[in-house]
Amino acid sequence: SNQSNDSSEYKTVEYKISKIKGNLYHGQSDDGTKIVFSADSIDSSEKIMVDDVVICYFEKDNFGKGIIKVEKK
């Protein structure tokens, strides 16, 4: 059977971290779209700092549902 890869299953958006306040990370994409996500969403052992770029994964068919996971680029 043909396994679907991540790119078809998810929608990904890159955000640059603008602010970290407590457990919440604030990011902004190139087009100015802003996002806030919690540390719980981060699927990485690397520490994410301000000005880092992260890749946020959303369900492709349910974009409004929110983030599935966040990875450091």
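- Nearest approach of Asn23 to Tyr25, heavy atoms of both residues: O-CD1, 3.8 Å.
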*asked:* Set out, in order, the CA-CA distance, both residues' side-chain angles and the distance that settles side chain to side chain contact (heavy atoms under 4.5 Å, CB included) for Phe37 and Leu24, then state yes or no.
replied: CA-CA 6 Å; Phe37 59 88; Leu24 293 179; over 6 Å; no

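- Nearest heavy atom pair, residue Tyr15 against residue Thr33, reads CE2-O, 3.7 Å.
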Report task. With side chain to side chain contact (heavy atoms under 4.5 Å, CB included) as the test, would you mind laying out the steps for Ile35 and Val13 before giving the verdict? Result -> CA-CA 10 Å; Ile35 196 166; Val13 186; over 6 Å; no

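- Heavy-atom neighbours of Lys72 NZ from other residues, nucleotides or ligands within 6.0 Å: above the threshold of 12.
- For the pair Cys56 and Thr12, the minimum side-chain heavy-atom distance is 4.5 Å or more.
- At least one side-chain heavy atom of Glu59 sits less than 4.5 Å from a side-chain heavy atom of Ile68.
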Throw together a table of side-chain donor-acceptor distances under 3.5 angstrom for residues 42-51, partners on residues two or more places apart or in other chains.
unit_1	atom_1	unit_2	atom_2	d
Ser44	OG	Glu46	N	3.1

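- The backbone N or O of Lys69 lies less than 3.5 Å from no partner atom in the side chain of Ser41, so there is not a single donor-acceptor pair.
- By the 6.0 Å and 45° rule, Lys60 does not stack over the aromatic ring of Tyr10.
- In this structure, Lys34 NZ and Gln28 CD are separated by 5.0 Å, a value rounded to the nearest 0.5 Å.
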